[in-house]
Amino acid sequence: MLNKKLTFGLVAFASLMTLSACGSSSQSENSLETIKEKGTLTVAMNPEFAPFEFKTLVDGKDTVVGADVEIAKAIGEELGVEVKFSTMSFNNVLAAVKSGKADIAISGISATEERQKVYDFSDTYYESKSVLIVQKAELSTYTDTDSFADKSIGTQKGSIQETIAKSNLSSAHIVSLTQPGEAINELKSGQVQGVVLEEAIAKGYVAKNDDLAIADISLKSDSTDAYAVAMPKGSDELKEAVNKVIKELKAEGKIDSFVQAVYEQSLETSE
Ligand code: ARG
């Protein structure tokens, strides 16, 4: 009798082990259910990307805020779970979703064809394009892509701006830095002559730095640049829930107003 119980217990334990092993190896099998069971949604992001995600002091505490943070909170609400932000450098954000360290990534991520092969993406929520920031005093020197021959260009490591810089400015030296802020500092100190960033982010830096300006040069890109939420491959149900939230936010014009609110706030604080 005792033996039977023990065997049963062991079998039950063994199958539990297989179940959990199964769960971790293919966390995408039903990511929505897993998140609801956990009661938390872990979101990977690189918070050096105002107006989408950046750190600021709220009641004296370092807090991540911005349009992507609001989107994450709305998704958490839809799923009925708590949202946790896991912050890291941008070149680790997608990998965190792949390894299961984060459930989703919201970080101004452009849903490129290449990335779509590896991750599921929600519907896009913001259209963007890359621009070149230069020192204001050098605006007349840098009038086309050829004027950057043998010059240095800063970009963010792991971002599509690395590729865009390489293909548009093939005769320039491309310097990849971990954070956009580092690239901006190098531009201000003259170590690089241009920085490729997306327009919404570039506008923020230019508004705060009198010595910088956006060059009148258009950069070509193979595909349209639009941001989406990244999830593990096979996240059908989760994707449906995320798309519902994005659809609602877009219909209410909320995403643009989140972005606008950040600009207005930062103008107030820099006055
Ligand atoms: N949209 C670009 C990309 O997906 C840059 C995103 C950078 N995001 C960030 N939070 N630093 O490659």
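First listed ligand is number 1; within each ligand, the first listed atom is number 1. Positions are given from 1 along the sequence.
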Over 60° means perpendicular and under 30° means parallel, so tell me whether Phe52 and Phe49 are parallel, tilted or perpendicular.
tilted
Give yes if a backbone or side-chain nitrogen or oxygen of Pro180 is under 3.5 Å from a nitrogen or oxygen of ligand 1, and no if not.
no
Under 4.0 Å, counting heavy atoms only: does Glu53 come that close to any atom of ligand 1?
yes
Is any N or O atom of Tyr227, backbone or side chain, closer than 3.5 Å to an N or O atom of ligand 1?
no
Of all protein heavy atoms, the one nearest atom 8 (N) of ligand 1 is Ser107 O, 2.8 Å
Please identify which atoms of ligand 1 are closer than 4.0 Å to at least one heavy atom of Glu198.
1 (N), 2 (C), 5 (C)
Starting from atom 12 (O) of ligand 1, locate the nearest protein heavy atom and write down its residue, its atom name and how far away it is, to 0.1 Å.
Ile160 N, 2.8 Å
If I compare all heavy atoms of Asn46 with all of Ser89, which pair ends up nearest, and what's the gap?
ND2-CA, 3.7 Å
Considering only heavy atoms of Ile109, which atoms of ligand 1 have at least one such atom less than 4.0 Å away?
4 (O)
For the residue pair Ser110 / Asp225, report whether a side-chain donor-acceptor contact shorter than 3.5 Å exists.
yes
Any idea which heavy atoms bring Gln191 and Ser152 closest together, and the distance?
O-CB, 3.8 Å
Could you list the atoms of ligand 1 found under 4.0 angstrom from a heavy atom of Ser159?
5 (C), 12 (O)
For Gln156, the ligand 1 atoms whose distance to one of its heavy atoms is below 4.0 Å
7 (C), 11 (N)
Strictly under 4.0 Å, does any heavy atom of Arg115 approach an atom of ligand 1?
yes
Under-4.0 Å salt bridge between Asp103 and Lys38
yes
Minimum heavy-atom separation for Pro180 and Gln156, please, with both atom names.
CD-NE2, 3.2 Å
At the 4.0 Å heavy-atom cut-off, does Phe52 count as touching ligand 1?
no
Could you tell me whether Glu70 and Lys254 have a side-chain N and a carboxylate O separated by less than 4.0 Å?
no
Just checking, any donor-acceptor pair under 3.5 angstrom between side chains of Ser31 and Ser235?
yes
Given the rule in the side-chain hydrogen bond (donor to acceptor under 3.5 Å, both in side chains) test, do Asn168 and Thr145 qualify, once you have shown the distances and angles that lead to the verdict?
CA-CA 7 Å; Asn168 283 272; Thr145 51; over 6 Å; no
Option with minimal heavy-atom separation from atom 1 (N) of ligand 1, where the choices are Ala50, Ser110, Ala105:
Ser110
heavy-atom search around atom 6 (C) of ligand 1 in the protein gives Gly108 O, 3.3 Å
Identify the closest protein heavy atom to atom 11 (N) of ligand 1: which residue and atom is it, and at what distance?
Asn46 OD1, 2.7 Å
Salt-bridge criterion met for Lys247 and Asp123 (N-O under 4.0 Å)
no
Measuring from non-hydrogen atoms of Gln161 to any atom of ligand 1, is the shortest distance under 4.0 Å?
yes
